[in-house]
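Working notes, structure below.
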There are 2 protein chains.
Amino acid sequence: MKKEEAIFRDFLKTKGLKLTKPRRIILNAVFSTHEHFNVDALYDIIRKRHKNVSRATIYRTMPLMIEAGLIKQALRCQAKDHYEHIFGHKSHLHFICDKCGKIVEKESKQVEKIIKDLAETEGFEIREFNVGAKGLCADCRS
Amino acid sequence: MKKEEAIFRDFLKTKGLKLTKPRRIILNAVFSTHEHFNVDALYDIIRKRHKNVSRATIYRTMPLMIEAGLIKQALRCQAKDHYEHIFGHKSHLHFICDKCGKIVEKESKQVEKIIKDLAETEGFEIREFNVGAKGLCADCRS
DNA sequence: TTTAATTTGAGAATCATTCGCAAAAATAAG
DNA sequence: CTTATTTTTGCGAATGATTCTCAAATTAAA
Ligand SMILES: [Mn+2]
Ligand SMILES: [Mn+2]
Ligand SMILES: [Zn+2]
Ligand SMILES: [Zn+2]
């Protein structure tokens, strides 16, 4: 059993929930990608594998995987929520190109540290960072 | 004429657009608040003043005011886009409480500087920062 | 196998935002 | 002050992502 599956199973158990077949299929789809994804993308991946899971179930599963600490809401693009892995990935910030939609990722321990400190002085408990900027990517500028 | 109106008028002129009555009403509503606002909130403010502007027009005006540099998309809350002033306000980051919805603002020149530098090395031109975190506010933790 | 609790799929319902279009307003010209 | 041209507006319909409802299916326990 893959590590993320163990994490998910354990999380579900603490909530009195079950690691069902559809949930396992969704989990595999989620961790088969290495980019940002949205519900429709997962739906397509699952269909291509000749599995069948309804969109409703995918929608219902995202918050569970977020609460389990496996994924997070990364950004909103084309009116859709996009997610990304947390498990096995470093935190980073996003530069989103308004013109072509491209997303550039950058790491910065510093930014995160500063935000953490600010949160602490405020008594705020951070669950999910959301750091980035919108604008024009290098290609679209020229 | 207030400064923001002059800015808006000048911006519109460069685009061959007109500073109409509805646009002026919306502008006043926008700058009558000093908090984050959404389209419905503006609609209510306008109605209370016995003016009448359709939601469609408000929706159409937001992108104009953004491009004019007067406001920005601040965050998304309860499935609605929320905006805030840029003109006359310092840039800041948002801590959003998942439980009660409260938003705490914090300034940090440092964070902005680091992000700017990262963008520069990437050749990315920033138009709008989006920095913050979601979690639990001090009140909701206890 | 029986039972009780949870989950699922299908489609309907929501709801913010966008669109289409004919009527109104703004601006320029005469 | 007209007339002509362009832009804008309001209305309501359309869109589309997400959520909800609920009966049937699955799961795990007894
Ligand atoms: Mn990312
Ligand atoms: Mn703010
Ligand atoms: Zn681009
Ligand atoms: Zn709170």
Side-chain angles (χ1 to χ4, degrees), chain A residues 5 8-30 36-44 46-47 49-68 71-83 98 101, chain B residues 1 5 8-30 36-44 46-47 49-68 71 73-83 98 101:
Chain A
E5 194 170 309
F8 197 34
R9 181 190 12 78
D10 293 348
F11 163 79
L12 290 169
K13 189 172 289 175
T14 67
K15 306 277 280 191
L17 305 178
K18 301 162 185 176
L19 180 53
T20 59
K21 213 160 133 187
R23 283 180 181 151
R24 218 189 308 257
I25 291 171
I26 294 166
L27 186 76
N28 285 334
V30 162
H36 299 160
F37 57 89
N38 57 46
V39 167
D40 273 350
L42 294 178
Y43 187 72
D44 288 344
I46 290 169
R47 265 192 346 189
R49 296 178 176 180
H50 309 290
K51 313 275 187 184
N52 202 36
V53 173
S54 78
R55 275 196 177 74
T57 300
I58 302 177
Y59 274 110
R60 286 188 280 238
T61 302
M62 294 297 101
L64 295 175
M65 294 185 57
I66 289 173
E67 209 184 334
I71 63 174
K72 65 173 277 198
Q73 217 155 335
L75 49 92
R76 175 155 251 271
C77 203
Q78 298 156 228
K80 295 186 190 95
D81 283 330
H82 290 241
Y83 306 86
D98 285 328
Chain B
M1 185 194 287
E5 193 171 307
F8 197 34
R9 186 200 356 87
D10 292 348
F11 163 79
L12 290 170
K13 189 173 289 173
T14 67
K15 306 276 277 191
L17 305 178
K18 301 161 184 176
L19 180 53
T20 59
K21 215 159 131 188
R23 283 178 181 152
R24 219 189 308 256
I25 291 170
I26 295 166
L27 186 76
N28 286 333
V30 162
H36 299 161
F37 57 89
N38 58 46
V39 166
D40 274 350
L42 293 178
Y43 186 72
D44 288 344
I46 290 169
R47 265 191 346 188
R49 295 178 175 181
H50 308 290
K51 313 275 186 184
N52 201 38
V53 173
S54 77
R55 276 197 177 75
T57 300
I58 303 177
Y59 275 111
R60 288 188 279 238
T61 303
M62 294 298 100
L64 295 175
M65 294 185 58
I66 289 174
E67 209 185 334
I71 63 174
Q73 217 155 333
L75 49 91
R76 175 157 252 271
C77 203
Q78 299 157 226
K80 295 187 190 94
D81 283 330
H82 290 241
Y83 306 86
D98 285 329

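Side-chain atoms are counted along with the backbone in the values below, which use heavy atoms only and exclude waters and symmetry mates. Labels below follow one simple rule: chain letters A, B, ... track the order of the sequence lines, proteins then strands, and each chain is numbered from 1.
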Original post:
Between B/A79 and B/T20, who's closer to the 5' end of DNA chain C by nearest nucleotide?
Top reply: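 In this pair, the answer is B/A79.
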Original post:
OP1 or OP2 of C/dT7 less than 4.0 angstrom from a side-chain nitrogen or oxygen of A/R23, does that happen here?
Top reply: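 So the side chain of A/R23 is within the cut-off, an N or O lying under 4.0 Å from OP1 or OP2 of C/dT7.
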Original post:
Is there a side-chain polar atom (N or O) of A/Y59 under 4.0 Å from OP1 or OP2 of D/dT19?
Top reply: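 For D/dT19, neither OP1 nor OP2 has a side-chain N or O of A/Y59 closer than 4.0 Å.
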**OP:** Would you indicate what A/V53 reaches in the nucleic acid, counting non-hydrogen atoms under 4.0 angstrom: base, sugar-phosphate, or nothing?
**Re:**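 Contact class for A/V53: sugar-phosphate only.
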**OP:** Select base, sugar-phosphate, or nothing to describe what A/A56 touches, counting heavy atoms under 4.0 Å on all strands.
**Re:**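 Base, at least one base heavy atom under 4.0 Å.
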Subject >> Check: D/dT27 base within 3.5 Å donor-acceptor of A/K18 side chain >> reply: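 Check passes, donor-acceptor contact within cut-off.
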Subject >> Check: A/R55 side chain, C/dG11 base, donor-acceptor under 3.5 Å >> reply: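 No, no donor-acceptor pair under 3.5 Å.
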Return the value, rounded to whole Å, for the distance between atom [atom1] of [X] and atom [atom2] of [N].
X	N	atom1	atom2	answer
A/Y43	C/dG9	OH	P	10 Å
A/I25	D/dT26	CD1	C1'	13 Å
B/D81	D/dA17	CG	C1'	13 Å
B/N52	D/dG10	CG	P	7 Å
B/I58	C/dA16	CD1	C1'	13 Å
B/L19	D/dT7	CG	C1'	13 Å
A/Q73	D/dA17	CD	C1'	13 Å
B/M62	D/dT8	CE	C1'	16 Å

**OP:** Counting heavy atoms from C-beta on, name the nucleotide in D/dT9, C/dG9, C/dT7 closest to the side chain of A/S54.
**Re:**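 The nucleotide sitting nearest to the side chain is C/dG9.
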Subject >> Atom pair CZ (A/R23) and CG (A/L64), whose distance is rounded to the nearest 0.5 Å >> reply: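 Result: 5.5 Å between the selected atoms.
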Subject >> Working for side-chain contact (heavy atoms from CB on, under 4.5 Å), residues B/M62 and B/I26 >> reply: CA-CA 9 Å; B/M62 294 298 100; B/I26 295 166; 3.9 Å; yes
**OP:** Hey, which sits more toward the 5' end of DNA chain D by its nearest nucleotide, A/R60 or A/N38?
**Re:**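 It is A/N38, whose closest nucleotide lies nearer the 5' terminus.
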**OP:** Under the side-chain contact (heavy atoms from CB on, under 4.5 Å) rule, what do A/V30 and A/Y83 come out as? Steps first, then yes or no, please.
**Re:** CA-CA 9 Å; A/V30 162; A/Y83 306 86; over 6 Å; no
**OP:** Check step by step if side-chain contact (heavy atoms from CB on, under 4.5 Å) holds for A/L27 and A/L19.
**Re:** CA-CA 10 Å; A/L27 186 76; A/L19 180 53; 5.5 Å; no
Original post:
Only one of B/V39, B/N38, B/L75 clears side-chain contact (heavy atoms from CB on, under 4.5 Å) with B/K80; which?
Top reply: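 Considering B/V39, B/N38, B/L75, a side-chain contact (heavy atoms from CB on, under 4.5 Å) with B/K80 is found only for B/N38.
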